[in-house]
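Quick notes on the structure that follows.
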Amino acid sequence: MLTFSMKNTHTNGHHLQPEKIMSRYNPVEIETKWQSAWDESGVFEAHPRPGCPKYYVLEMFPYPSGRIHMGHVRNYAMGDVVARYKSVTGHSVLHPMGWDAFGLPAENAAMEKGVHPGEWTYQNIDDMRAQLKPLGLSIDWSREFATCDPEYYGQQQSMFIDMMEKGLAYRRSATVNWDPVEETVLANEQVENGRGWRSGALVERRELTQWFFRISDFAEELLESIDELVDWPEKVRLMQRNWIGRSSGLQFRFRTVDAPVGFEHLEVFTTRPDTLFGASFAAVSFDHPLARLLESDPEVAAFNEECRRGAVSEEDIEKAEKTGFDTGIRVVHPFLDGVELPVFITNFVLMGYGTGAIFGCPAHDQRDLEFARKYGLGVVTVVCPPDGDPAAYEIGEEPYLGPGRMINSGFLNGLEIEDAKAEIIRKFEESGSGEGKVMYRLRDWGVSRQRYWGCPIPVIHCEDCGAVAEKKENLPVILPNDVRFDGRGNPLEKHASWRNVPCPACGRMARRETDTMDTFVDSSWYFVRFTAPRARTPTVREDVEYWMNVDQYIGGVEHAILHLLYSRFFTRAMHLTGHLPKSAGEPFTALFTQGMVCHETYKDGEGRWLSPEDVRPRTGGGLETREGDSVTVGPSVKMSKSKKNVIDPEDIIESFGADTARWFILSDSPPDRDVEWTTSGIEAASRHLQRVWRLVNSTVGQPDSTGSQASRDEENANLFKAMHRTIDSVTNDLESFSFNKSVAALYEFTSTLARSAADPASKAVAFRVLAQLMQPITPHLAEEIWEMAGGEGLVVSSPWPVADPDMLVEDTVVLPVQVNGKRRAEIRVAKGLERDEVEALVLELGPVRNALGGRNPKRLVVVPDRIVNVVV
RNA sequence: GCCCGAGUGGCGGAAUUGGUAGACGCAGGGGAUUCAAAAUCCCCCGCCGAAAGGCUUGCCGGUUCGAGUCCGGCCUCGGGUACCA
């Protein structure tokens, strides 16, 4: 393929090697060459380097689905930029890779394709590793592991036993989605409109005894420590705070009337004790012991049954219409003589929060107001807004939720809300029937899964000894291979020889726990394991102390709450069980959340999704199918199989090379926002990289330009000035995760270089800097041009260039001149020019004099070196 | 439902703490080169208007000499919602 430009052969052909004339930058060939060079040099293996600070950069490890997708490319390209940048700026870098290998899809594949989940998973890992390697990532592959390796999950089992001993793991009853046809527990994802996704049967809620981690004991600690996470996105910190959901309020006991024996009191929790005088009903969860007891009444039973319908997800519960059942029981208002409030069973009070019982004050709560309207309950306004008339204020259509003073509230009248809360809590505490209490939304972490493809919980149930931890010398408890997937229940339940084992305590025959662990457990400590991936203990003190914490963690914002919170809990639990030193509190010092990779969507005339491969440009504009039918272009959305708008990274790397893919995916959008993949964009990236190569290739070895020494000196000086400005921008942009801006600065510098009439020797200096600046983003091309421009050794191990501050200063500055806030002129002045001198210059300007018409300005705003505004 | 975020030309986006809106790239238009094309190089490019000028950062309102940026109220799209990972 001869594509070398004729212009170049005309002007300097006699200086070029013949093969240079014939060649073009061939990414695939050259990328393989440099990847081998890196492998041989071992530059990416993590070792403590004396005198260098350590830097641990980690991207969220992938689930081995079998194919890498553009989201992976983006994630790992970003992490690689950071790892490479940190490496050349004098850090000893740890940048590992592993596989989040347990999970549902492997079991689904087992059922659909009859392949064993383990076999399926390990094959996928091999495939994905082979797709990932051509990206040229600076990963220490010697530390790779999968969470389904017994060497990994065995250590996890060992920690589970330690957590049992410390009381951090315990058993209690909890609700699951139950598919009565498949006799299987369903994940929330497997429930569609209240029905099992395969069987179509109405899902039931079922109670099972399950294992939990006591994360709620750490609620306050996890909440307070968010303040330390200054290098996390503010939005993630806020989401975590809200998730933990600390609220203080009052817990107190109502006296009941006409209630069954044992329920002489009803304990409620409220965050608005100030509104007690406006209460018009009490409500308990359908799971509340009182509601359960009343189920002997068929009407109550039917109502509760109705409430228990549907999936267990919070979204489903909250979106369901609020309903109630009047039990006929009443509670006595503690401060209003003779006032009794009806007690309802409802579907919106959750047993898992507070006491599972509340009182409702319709005037100051949206949900309570809707409920009161529906069931004809009274509405008493007890908070008067600051601008309202305390004697006459009443709420209208909407509840009043703002600040104000108490009215219609006996001894609270006239108090501000916060003072009223304090006062009423004091009153309850005095009488001993209630107390101020802090409540958290955060619930304990249920880790039991009734599935095969997960880490077995290392426990044996003995009739005499109860739940007994497996002996550590028997770990790992390995998943049996000979299992059958018939779509019913957990295969481990049916595996007699695996299940029936002697009790570790008394030796009598007992039953092995068949629940496996939530895959979030696997991903809650893998980053610690990377510090000593082959150790015979979960961690090795020396390695953990050197490498932890993760300095920079990068991944999708979809993990903003659960995965990150569980990991934060785990480092604390691992400390309590002796697996992490005291210094390790937070797992991730800095966090970056990346956006998704999107692509346009296409549909044919019948509304069927079309893949980008199936459409082509139509002459005269628009798109058509291969058959020439018209195509409807839809919005750009996250790449997904269901919408067929997927571009396979492997195809892109094959046709354009990894550098082009990396350059493009980092170029257009800020990393924390979604990026749209476009064909024209990837082609532009490819064109640019070709241009860089051509530029270096055609310049190196040229004789000095003719022309005067003075003009050459000036050209050289200008080039170096641009070079230092670029070093400065790229450095700042990489440090601040503005990779798109780094790319823009590199585009600009390449254009400058292409136009520059500086000496080839000066250009060679600039090319070497260009190579160094491009290295984190397009490492293969960087090595190639580094070599062409006479760089020593590998660019991957050459120190990052430093901008000379003297080269960055400008001595003049352009001041925009506004009249009444609209730009009318601009003046170039010496930097730091005095205010009155600027004023004098500005008042002489034509547009300013016109606007003033001989009068004095009302005001003259001068922001030195920034802007001038003349107010007329 | 609840929590969090995003919205700027034809498109992706840029804009230190409120200070020239549209850097850089794509698409488009024009030119050079070529027998011709591809490739490459150069120039133009927010909208309306003949021009003067006016308008413009999802919508409505506010604060300010000055608002993409701050405040209040909406709209649309996206993420999470505890068993998808």
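Side chains included, hydrogens not; waters and symmetry mates left out as well; all remaining heavy atoms used.
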With sugar-phosphate taken as primed atoms, P, OP1 and OP2 and all else as base, the protein-contact string of nucleotides 62-73 of chain B at under 4.0 Å (heavy atoms; B, S, -) is ---BS-------

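One donor-acceptor pair, N or O on each side, does fall under 3.5 Å between the base of C83(B) and the side chain of Q450(A). Interface remark: the R866(A) side chain does form a donor-acceptor pair with the U17(B) base, using a distance-only criterion of under 3.5 Å.
The aromatic rings of Y76(A) and H72(A) sit parallel to each other, their planes meeting at less than 30°, with 60° as the upper class boundary. The aromatic rings of F520(A) and H563(A) sit parallel to each other, their planes meeting at less than 30°, with 60° as the upper class boundary.
The NZ atom of K638(A) sits 7 Å away from the P atom of G79(B) (whole-angstrom rounding). Rounded to whole Å, the distance from CZ on F569(A) to C1' on A82(B) is 14 Å.
For G13(B), one of the phosphate oxygens OP1 or OP2 lies less than 4.0 angstrom from a side-chain nitrogen or oxygen of S669(A). Taking only side-chain nitrogens and oxygens, N740(A) never comes nearer than 4.0 Å to OP1 or OP2 of G25(B). Residue K822(A) has no polar side-chain atom (N or O) positioned under 4.0 Å from OP1 or OP2 of G53(B).
In this view, Q366(A) and E370(A) satisfy the side-chain hydrogen bond (donor to acceptor under 3.5 Å, both in side chains) rule, not counting sequence neighbours.
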Pairs counted only when both distances fall under 3.5 Å, Watson-Crick or G-U: show me the 5' to 3' dot-bracket for RNA chain B, [ ] for pseudoknotted crossings and | for other-strand partners.
(((((((..(((......[....))).(((((.......))))).(((....)))..(((((..]....))))))))))))....

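In summary, R441(A) and E314(A) engage in a salt bridge, as defined by a charged side-chain N under 4.0 Å from a carboxylate O.
No side-chain donor-acceptor contact under 3.5 Å links S756(A) to the backbone of L753(A).
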